[in-house]
Structure formats: C-alpha cells, structure tokens
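Excluded from the calculations below are hydrogen atoms, water molecules and symmetry mates; all remaining heavy atoms, backbone and side chain alike, are included. In each ligand, atom 1 is the first atom listed, and ligand 1 is the first ligand listed. Numbering starts at 1 and runs along the sequence shown.
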Amino acid sequence: MKYPVLLDYDVSATDWDGPCELVQCKRALHPTVLGDAKYSLNPYGGCEHGCIYCFAPGHTHTDISLWRVVRVKTNIVERLSKELDFTEGQIALGTVTDPYQAAEGRFRLSRMCLEVLQRKGRGVFIITKSDLVTRDADILKDMDATVAITVTNPDDRICRMTEPGAPTTRERLKAAKTLVDEGVDTIAFIAPVLSSLEGREEELLQMIADSGIRTVFVDQFKPRGVTMDRMDRMGITSSEKAERCIHEVGRSMGFKMLPPRHFR
Ligand code: SF4
C-alpha cells in the first residue's frame, strides 16, 4: 500500500514512537457548526492525551481501549487540497482530536494542511492542548488564523490526572504567550468546566491573563455513558458553579468573554 504524503520527508527524523496505525480517509472536510467555521478537519483519529472527559470515542464509534492508538490519515493533505476547491469558509482544525498531539511531531500532517490552507487563502481556527503548535507560528502569523488553547485547571497535578497525555497548563500557556508575542490571534478555551476547578477559577484566569491572551471562550458539556462512569469514579463532575464564576471574574478582569458554543 502507498502512503504518498509520507514519502517526501524522513519520518524517522523525530523520536516519537507511540502506537499508531497508518490509514486513508475518504474525506478530509466535514461540515461543522463550530463558531465561524464551515468545515472541520482532523488529521488524526484517536488521541494520546487520554482526557477522562473525552467523548470523542463514542462520537466516532471507536473502542475506548484503543483511543490512544493514533490513526494517521496519510492522504489527508492530498484530499484537503482537492476538497478546498469545492468548498468555502473557515476551516476548524482539531474538532475531534488534538491536531498537535505528539504524533504530529513526527508526521507533520497538521503543518502540511496549514501550508495548503495558507496557499489557498483559507482561514483556520485551531483547537489544541499542545505546545507543539508554536512550531508552526511561522505559518500562522502569515495567514488568517486563530488558535484556541484549551485549559481546564491551574494545577498541573490535577491536569495529569484528568488529561494524562497532554502538556501541562503551564506549558500550554507558555506556548500561548509565544503565539501572542509572534502576533498570532490566540484565545483561551476553558472547556469542559469541571468541579475540580471550583475555587481556583481566578487563579486560572490570572495565568491566562499573564500569557497575554485577552479573549476567553467557555463551554460546558454533559458527560454520558462511559465518560460519565469514569468521571464518577474519580469524583469529578461538570460544574455550572465554576462556569458562572469564570464568566463573572473573567468580565471583571477585562477579558472578552465569547458566548458558549457547542463543542467536543
Ligand atoms: S485532547 Fe480532546 S480528543 Fe484528545 S483525549 Fe482530550 S478531549 Fe479527547
């Protein structure tokens, strides 16, 4: 089987060697109602971050025990390039899985997708928990791009429990500062709002403010099925109390608070 996208660079040049499977996708773009975006784009299936609240396995009919095996869509750049000619509007990168999870360091599909989007003059909205996104600041600052950095708690110990494979909040916000300094439009995405954040909302908002971000987008979700069982076992729930507090404190700190939208 041929993987044309992977032939033009040396995949052994980076040291990521997590479990993965090379697959081909039928379509790169799928309609979405996320914010201003018209289509979603996800170069990877599965996600190494392994967040306890992740509902994407159910959404994509993936066995949860295999969710952290990354499915690398080797033909996605080629598909994207063709499909962009028949679509219009902004593209949301990373609506189902993180486009900058560690596998991206090796496969660089998100970067190659950005190169295509930039060439074709299309806007992009990126959602990520990973500091790897700063690698692509050179492209992002020269295109219509917004990066949403997801954060859920100021305490790295709690993040390691709830988002075990993801960079810590400190690392994410350091990356946000780099992007802001590079002139890339960067916002914070506090989602989901969990009970583990109660009492520490202001601390998280202060860390966000220190990164230079001035816009915050908060979203909630209702855990179901396996996700709810897993969160129940850890004594964590979604929290409307923390959500109300974020809005109140966020406004008093001068953040632009975007209205809630449906999100993963
Ligand atoms: S980063 Fe997103 S897709 Fe990945 S495990 Fe966490 S919630 Fe799921």
Using a strict cut-off of 4.0 Å, indicate which atoms of ligand 1 neighbour a heavy atom of [X].
X      : result
Thr97  : 3 (S)
Lys129 : 1 (S), 2 (Fe), 6 (Fe), 7 (S)
Cys47  : 1 (S), 3 (S), 4 (Fe), 5 (S)

Requested in this report: Look at the N, O or S atoms of Cys51, main chain and side chain alike, and state whether any lies under 2.8 Å from atom 6 (Fe) of ligand 1.
Outcome: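 Cys51 does place an N, O or S atom closer than 2.8 Å to atom 6 (Fe) of ligand 1.
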
Requested in this report: Give me the ring orientation class for Phe217 and Phe189: parallel if the planes are under 30° apart, tilted from 30 to 60°, perpendicular past 60°.
Outcome: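 Parallel, since the angle between the ring planes stays under 30°.
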
Query raised in the report: Should the proximity of Thr150 to ligand 1, defined as any heavy atom under 4.0 Å, be assigned to the side chain, the backbone, both, or neither?
Result: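 Neither part.
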
Query raised in the report: Any side-chain heavy atom of Ile149 within less than 4.5 Å of one from Thr128?
Result: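 Side chain of Ile149 against side chain of Thr128, heavy atoms only: contact under 4.5 Å found.
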
Query - Cationic N near anionic O, under 4.0 Å, Arg111 to Asp136 - result: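 Looking at Arg111 and Asp136, the cut-off is met.
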
Requested in this report: Please verify whether a non-hydrogen atom of Ala56 lies at under 4.0 Å from ligand 1.
Outcome: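 No.
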
Query - Phe55 to ligand 1, any heavy atom closer than 4.0 Å - result: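 Distance cut 4.0 Å: Phe55 fails for ligand 1.
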
**Report entry** Interatomic distance, Leu197 atom CG to Asp155 atom CG [nearest 0.5 angstrom]
**Finding:**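 It comes to 10.5 Å.
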
**Report entry** Partner of Glu182 under salt bridge (charged side-chain N to carboxylate O under 4.0 Å, His left out), chosen from Lys177, Lys141, Arg135
**Finding:**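 Looking at Lys177, Lys141, Arg135, the match for Glu182 under the salt bridge (charged side-chain N to carboxylate O under 4.0 Å, His left out) is Lys141.
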
Query raised in the report: Which of these, Glu201, Glu198, Arg244, sits in a side chain to side chain donor-acceptor pair (under 3.5 Å) with Ser239?
Result: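 Considering Glu201, Glu198, Arg244, a side chain to side chain donor-acceptor pair (under 3.5 Å) with Ser239 is found only for Glu198.
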
